[in-house]
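Throughout, a chain's letter reflects where its sequence line sits, starting with A, and its residues are numbered from 1. Since this is a predicted model, take the numbers as computed values, not measurements. Note that these values count all heavy atoms, side chains included, but never hydrogens, waters or copies made by symmetry.
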There are 4 protein chains.
Amino acid sequence: MPPARTAQRTAPRTKPADQRRRDLLEGGLQVFLERGVAATTLEHITKAAGVAKGTFYLYFDSKEQLLVALQREFEARMVQRIEQAVLAAGEDWVARLDAWLDAALADYPSERALHDVLFHHPALASHEADVVDRAGAPDLAGSLTGLIGAGVAAGAFDTLDPELTAMLLCSALHRMFDRIWHRDQEIDPEHLAAATRQLFHRAVAV
Amino acid sequence: MPPARTAQRTAPRTKPADQRRRDLLEGGLQVFLERGVAATTLEHITKAAGVAKGTFYLYFDSKEQLLVALQREFEARMVQRIEQAVLAAGEDWVARLDAWLDAALADYPSERALHDVLFHHPALASHEADVVDRAGAPDLAGSLTGLIGAGVAAGAFDTLDPELTAMLLCSALHRMFDRIWHRDQEIDPEHLAAATRQLFHRAVAV
Amino acid sequence: MPPARTAQRTAPRTKPADQRRRDLLEGGLQVFLERGVAATTLEHITKAAGVAKGTFYLYFDSKEQLLVALQREFEARMVQRIEQAVLAAGEDWVARLDAWLDAALADYPSERALHDVLFHHPALASHEADVVDRAGAPDLAGSLTGLIGAGVAAGAFDTLDPELTAMLLCSALHRMFDRIWHRDQEIDPEHLAAATRQLFHRAVAV
Amino acid sequence: MPPARTAQRTAPRTKPADQRRRDLLEGGLQVFLERGVAATTLEHITKAAGVAKGTFYLYFDSKEQLLVALQREFEARMVQRIEQAVLAAGEDWVARLDAWLDAALADYPSERALHDVLFHHPALASHEADVVDRAGAPDLAGSLTGLIGAGVAAGAFDTLDPELTAMLLCSALHRMFDRIWHRDQEIDPEHLAAATRQLFHRAVAV
DNA sequence: GATGAATGAGGCTTCATTCAT
DNA sequence: CATGAATGAAGCCTCATTCAT
């Protein structure tokens with residue numbers, strides 16, 4: 001026999017921890033996008049997540065930590081998509097490189113706001129923030145390093161230092177989007193892709 | 001309430017406006033370097049500049065404005081040094097490109113803290129900050145664009161789009177230093193220079 | 001923002017003290033009217049008066065003093081106008097009383113902003129402001145007291161206490177305008193005059 | 001930074017919202033009385049209320065709002081006392097009017113400081129403050145209007161415009177106390193009551 | 001007399017974080 | 001687990017007043 005229900009019992013007060021964490025992450029992202037990181041308060045975040053202020057601290061140590069978690073997620077997701085594209089590109093090394101670049105180019109703009117908001121905050125660069133352990137998080141440069149390194153090993157690419165080259169190319173991409181976005185320059189995507197591909201090819205002497 | 005009286009009546013209180021502005025700029029830079037932008041307060045800045053709190057607002061509208069002024073100065077100075085190096089490199093286009101790169105590589109590390117502090121603050125990227133007029137300020141990418149463009153025109157370089165290529169290379173440099181610094185990776189400067197030069201050369205098909 | 005330097009020195013630097021005081025008084029009044037007393041700064045006042053900040057203190061001890069001077073002026077001018085109207089009213093006591101009232105009613109609205117701004121500031125009522133010597137300044141209540149007192153002496157009016165009655169009637173007038181203004185009630189001036197006159201007449205048993 | 005830890009862990013931090021609001025209202029009143037509105041800071045208010053500075057903003061939007069709330073309360077309480085006195089006065093209209101006046105006269109002085117402090121602040125009269133919704137708040141003039149209007153309807157009083165007359169009489173009372181207080185005139189209360197009553201009677205042609 | 005750059009005390013308000021329930 | 005009232009340090013900025021020129 002079912003126990004007597006009390007008249008009002010709308011939502012269950014406890015949710016699985018994972019879900020709560022998700023809510024916070026997503027609520028935070030949303031308000032960060034809406035108002036910028038600096039202008040976002042804990043109040044906004046928790047309200048967006050549908051959670052009380054104190055609850056936040058059950059899942060994150062500080063506002064800063066939420067930001068870092070978000071950044072990690074963002075990059076990890078992007079890496080994942082790119083690597084799938086590379087896998088789908090077949091055996092040819094140039095095709096693989098092109099696939100890597102195309103996927104990156106396709107991804108960056110689609111997450112402009114995200115990228116923009118997350119990576120332009122002192123959290124990543126402040127004096128203390130380096131303390132945050134980022135080790136092991138999948139990153140773009142690592143992904144490209146793997147690809148170029150393998151290509152070099154296979155004799156398809158040539159470069160003095162695969163890792164450095166990968167880092168340089170990744171950096172170029174990253175900052176380039178920053179500049180394009182922040183200057184509101186209209187650049188034809190096709191053209192941009194062509195010029196970028198040229199640089200990538202030349203960088204590994206294809 | 002009137003300021004406390006001191007026995008002495010000597011020191012002139014007013015300085016030329018230019019000097020006061022300088023003081024503030026330098027005081028601000030110093031404390032930004034010491035404690036990071038976010039942790040710096042008006043109090044710190046004015047104390048470092050040897051000036052009363054209210055005086056700050058006679059010269060800048062806000063903390064943010066001081067930062068922007070500093071950023072402009074920093075980039076302008078760097079561009080100036082680099083262009084002088086290029087001028088001194090003679091007629092050869094490759095030598096000029098190398099001079100440009102060497103000067104940049106030489107400059108970046110020497111001003112690491114500066115670069116670091118100034119360019120990693122929302123001021124440059126925040127939702128509202130784009131409002132700030134940066135037009136006309138000399139910038140690195142512009143400088144490289146000029147060089148590559150001229151080289152292409154002279155038939156010495158080849159690239160689909162000089163401007164985009166310049167931007168990509170500048171971005172690569174800029175971010176690369178970020179990453180190196182923030183990861184505390186020890187990279188042999190010689191090696192780094194060689195790898196970077198290779199990328200630059202290849203980018204313009206030298 | 002650095003102060004603008006002007007090379008030129010057009011106007012003569014010294015004016016007669018009386019004129020300077022006038023300038024300040026009028027400049028002050030103007031900005032008080034424009035932005036309200038609380039929102040007005042010394043900066044505004046001196047700028048409106050076309051005078052340097054320091055100069056202000058050559059003529060007034062403080063912002064407060066300027067306000068008091070303005071209040072005195074305002075009331076004095078009003079009293080003067082009213083007494084002229086009474087004088088012009090002839091020998092009849094009721095006609096005189098009516099003249100007094102009509103003049104007051106005519107004057108109040110025309111200086112609404114003035115009255116409003118000047119008399120609604122703590123200066124008049126603050127804990128310290130009573131220190132200000134207002135003795136001897138011509139005032140409305142005094143003027144009415146004189147009229148009623150004389151009328152009583154002449155056997156034309158009757159009231160227990162001319163002074164108190166005058167004060168009550170003046171107060172009624174003063175506050176009434178406040179209320180009307182601040183509630184934006186539209187009251188027919190004719191009607192208002194009639195009702196007020198009835199009160200005045202009855203107050204002195206006419 | 002976290003608040004300093006104290007050894008004790010006893011006192012409950014939260015009170016019913018009503019009580020907190022009360023505390024703030026009373027603390028505010030107390031310091032307003034002690035030092036005047038203009039000289040009172042949030043610091044003083046919250047200290048007097050035994051509350052942290054931030055807590056204030058949980059209950060009021062600004063210092064100004066606290067003042068307005070206090071003013072409303074003061075007038076409402078006074079009206080209430082007066083109306084009770086009128087009720088107790090019986091059926092006779094003149095007795096009722098006298099009761100109204102006597103209660104008002106009895107009340108004003110007893111709350112001199114309160115009245116003084118609360119009603120002499122720009123809040124009530126400033127350019128923006130009219131925005132504050134005062135609609136529906138019981139007020140003195142409204143109370144007197146009711147009484148006179150009813151008396152007129154009953155044929156006991158006569159006046160051109162009950163509302164205007166009530167407003168004039170209230171204003172007279174209000175300002176008269178101001179003037180008496182601020183000039184430190186010693187007026188015999190009996191005498192004052194007699195003179196005032198005469199005005200009231202005559203105003204309604206009793 | 002006149003100037004206006006400089007002063008600096010202090011106000012208001014925000015907001016990350018805590019903790020008693 | 002969850003809550004949200006309470007905290008209070010700290011920041012930015014204003015502005016009446018001074019004083020060296």
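Contact record, C:T46 with C:A52: CG2-O, 3.8 Å, taken as the closest heavy-atom pair.
Looking only at side-chain heavy atoms (C-beta outward), B:F60 and B:L67 stay at 4.5 Å or farther from each other. The shortest side-chain heavy-atom distance between D:D23 and D:K15 falls under the 4.5 Å cut-off. A:F32 is listed as a side-chain neighbour of A:L66, based on a closest heavy-atom distance under 4.5 Å. Using a 4.5 Å cut-off on side-chain heavy atoms (C-beta onward), A:T55 and A:Y59 make contact. Inter-residue side-chain proximity for D:K47 and D:H44 is flagged as unmet; no heavy-atom pair is nearer than 4.5 Å.
Atom pair B:L24:CG and E:dA5:C1' shows a separation of 13 Å (rounding to whole Å applied). Rounding to whole angstrom units, CG of residue D:L66 and P of E:dC12 are separated by 12 Å. The separation between A:Q65 atom CD and E:dT17 atom P is 10 Å, rounded to whole Å. The nearest whole Å value for the distance from the CD1 atom in C:I45 to the P atom in E:dT3 is 16 Å. Nucleotide F:dC1 holds its P atom 10 Å from the CG atom of A:D18, rounded to whole Å. As rounded to whole Å, 10 Å separates atom P of E:dA2 from atom CG of C:D23.
Of the residues in residues 55-62 of chain C, those with a non-hydrogen atom less than 4.0 angstrom from any atom of DNA chain F are C:Y57, C:S62.
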Pairs counted as Watson-Crick or G-U wobble with both distances under 3.5 Å: what dot-bracket string results for DNA chain F, using | for bases tied to another strand? .||||||||||||||||||||

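Checking D:H44 against B:A52, the closest nucleotide of DNA chain E that is more toward the 5' end is the one next to B:A52. Taking for each of B:E43 and C:K53 the nucleotide of DNA chain F with the nearest heavy atom, the 5'-most of the two is the partner of B:E43. In this structure, B:G54 and D:P16 both approach DNA chain F, and ranking their closest nucleotides by distance from the 5' end singles out D:P16.
Looking at B:K63, its side chain does come within 3.5 Å of a backbone N or O of B:T40 through a donor-acceptor pair.
Here A:L42 lies in heavy-atom contact (under 4.0 Å) with a base. At the heavy-atom level, D:A17 lies nowhere under 4.0 Å from the strands shown.
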